[in-house]
Chemist: 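Quick one: this structure, given as structure tokens, is what I'll be asking you about.
Please read these numbers as outputs of a predicted model, since none were measured by experiment. In listed order, ligands and their atoms are each counted from 1.
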Amino acid sequence: MHLSSPTPFPANRPRRLRRDAFTRRLVREHAVTPDDLIYPVFVHEGQGRSEAIASMPGVERLSLDLLLPVAEDCVKLGIPVLALFPAIDPSLKTPDGKEALNPDGLIPRVVRALKAEFPDLGVMTDVALDPYTSHGQDGVLDQHGYIINDETVEILTGQALTHAEAGVDIIAPSDMMDGRIGAIREALEVQGHIHTRIMAYSAKYASAFYGPFRDAVGTRGALGKADKNCYQMDPGNTDEALREVALDIAEGADMVMVKPGMPYLDVVRRVKDEFKVPTFAYQVSGEYAMLKAAAANGWLDHDAVMMESLLAFKRAGADGVLTYFARDAARLLQK
Ligand code: PBG
């Protein structure tokens with residue numbers, strides 16, 4: 001179609017506002033700040049123990065003594081929250097994952113230490129059994145290998161209470177069992193933990209992008225060829241994501257999450273538009289690995305793609321992002 005202009009020049013020149021840095025800054029709609037970032041970290045037992053994770057360059061499994069300086073760095077950088085993930089000693093893993101209920105287990109000890117040292121740094125913990133089960137699934141299995149919902153929810157509720165008693169600020173159930181947000185919320189209220197926030201992994205997809213994370217927490221081997229398709233969401237669905245989010249809000253979630261992140265920005269946008277609640281996205285291990293690998297090869301500019309990817313989450317409507325880039329990004333923003 002030919003659009004004839006009434007004048008011999010374009011009536012609108014959008015490039016005017018792109019001409020100088022000051023107008024670009026003036027009209028910019030979205031921005032990333034350190035306040036938007038949640039930093040996931042991997043912890044394990046011991047002293048002075050740091051192990052590199054091959055598929056996640058720049059990320060390490062750390063013992064508590066080595067995590068404390070990282071937490072201090074997060075405080076200095078203005079990162080509001082640390083998210084803890086444990087690599088549990090294989091000798092403690094069982095089919096029912098009961099180590100998850102140990103009040104003196106790794107996560108409760110790390111939570112207590114972090115809250116004692118850095119009371120103003122938010123601490124978030126994952127509620128799911130996969131780091132604790134010998135089979136690497138997020139729940140307990142029946143004789144056919146099916147993940148039993150209601151029995152799993154009971155254990156998860158105990159795990160959440162264990163974390164709350166240790167003083168965690170935010171509980172983040174990542175297991176995708178039905179009804180777990182309601183069960184956890186009720187238990188927290190009954191036990192007087194009325195301030196404990198719940199960030200629900202509401203729309204968590206059965207994704208191949210979690211591979212490097214499973215290396216980091218040491219569940220890839222146990223899981224083998226098994227998948228999580230009977231509880232995590234089918235990547236082909238988005239209406240279902242809205243149903244999941246609606247349920248989690250009704251059951252008492254304070255914040256909801258979409259995971260993975262970049263390949264699911266359409267879901268982030270639909271969730272934010274529909275519910276207008278605090279909405280988060282997880283830029284997962286595989287997304288991080290992709291960007292790191294390309295940058296290491298010199299194919300992409302590390303800092304530029306890091307910041308552009310984080311900005312994309314904000315543009316899609318996310319209030320914040322869980323990202324392994326959190327410290328790098330906050331450091332860059334400080335400059
Ligand atoms: C496990 C859990 C996973 C992640 C967070 N919690 C992996 C999985 O569901 O198998 C993935 C995070 C990442 O890939 O960075 N409940």
Chemist: Name the option, out of Phe213, Tyr282, Phe42, that contains the heavy atom nearest to atom 3 (C) of ligand 1.
Modeler: Phe213

Chemist: Using a heavy-atom cut-off of under 4.0 Å, does the side chain or the backbone of Val284 touch ligand 1, or both, or neither?
Modeler: both

Chemist: Could you tell me which non-hydrogen atom of Met307 sits nearest to which non-hydrogen atom of Ala329, and how far apart they are?
Modeler: SD-CB, 3.8 Å

Chemist: Starting from atom 4 (C) of ligand 1, locate the nearest protein heavy atom and write down its residue, its atom name and how far away it is, to 0.1 Å.
Modeler: Lys259 NZ, 2.5 Å

Chemist: Write down the atom of Asp138, the atom of Leu156, and the distance for their closest heavy-atom approach.
Modeler: O-CD2, 4.4 Å

Chemist: For ligand 1, which atoms sit closer than 4.0 Å to a heavy atom of Tyr324?
Modeler: 12 (C), 13 (C), 15 (O)

Chemist: Distance to 0.1 Å, residue and atom name: give those for the protein heavy atom nearest to atom 14 (O) of ligand 1.
Modeler: Ser285 OG, 2.7 Å

Chemist: Dump the intermediate steps for salt bridge (charged side-chain N to carboxylate O under 4.0 Å, His left out) on Arg269 and Asp266, then the final yes or no.
Modeler: CA-CA 5 Å; Arg269 170 49 67 194; Asp266 57 321; over 6 Å; no

Chemist: Quick one: which ligand 1 atoms are inside 4.0 Å of a heavy atom on Arg214?
Modeler: 8 (C), 10 (O)

Chemist: Would you say the rings of Phe213 and Phe42 are close, in the sense that their centroids are separated by under 6.0 Å?
Modeler: yes

Chemist: Is a side-chain N or O of Asp301 found less than 3.5 angstrom from the main chain of Ala304, in a donor-acceptor match?
Modeler: yes

Chemist: Any donor and acceptor pair, going by atom type alone, linking the side chain of Asp65 with main-chain N or O of Gly48 inside 3.5 Å?
Modeler: yes

Chemist: With heavy-atom distances below 4.0 Å as the criterion, list the atoms of ligand 1 near Ala128.
Modeler: 16 (N)

Chemist: What is the distance from atom CG of Leu64 to atom NE2 of His44, rounded to the nearest 0.5 Å?
Modeler: 10.5 Å

Chemist: I'd like to know if Glu287 contacts ligand 1, where contact means a heavy-atom distance under 4.0 Å to any ligand atom.
Modeler: no

Chemist: Below 3.5 angstrom, do we get any N/O pair linking Tyr201 and ligand 1?
Modeler: no

Chemist: If you compare all heavy atoms of Asp178 against all heavy atoms of Val153, which two are closest, and at what distance to 0.1 Å?
Modeler: O-CG2, 3.6 Å

Chemist: Taking all non-hydrogen atoms of both residues into account, name the closest pair between Ala241 and Ala203 and its distance.
Modeler: CB-CB, 3.8 Å

Chemist: Using a strict 4.0 Å cut-off to heavy atoms of Asp138, name the atoms of ligand 1 that fall inside it.
Modeler: 1 (C), 16 (N)

Chemist: Return the residue, atom name and 0.1 Å-rounded distance of the protein heavy atom closest to atom 1 (C) of ligand 1.
Modeler: Asp130 OD2, 2.8 Å

Chemist: Regarding atom 10 (O) of ligand 1: of the candidates Lys228, Lys204, Arg220, which has the closest heavy atom?
Modeler: Lys228

Chemist: Indicate, as side chain, backbone, both or neither, the part of Asp126 found under 4.0 angstrom from ligand 1 when only non-hydrogen atoms are considered.
Modeler: side chain

Chemist: Among Ser207, Ser174, Ala289, which residue places a heavy atom closest to atom 16 (N) of ligand 1?
Modeler: Ser174

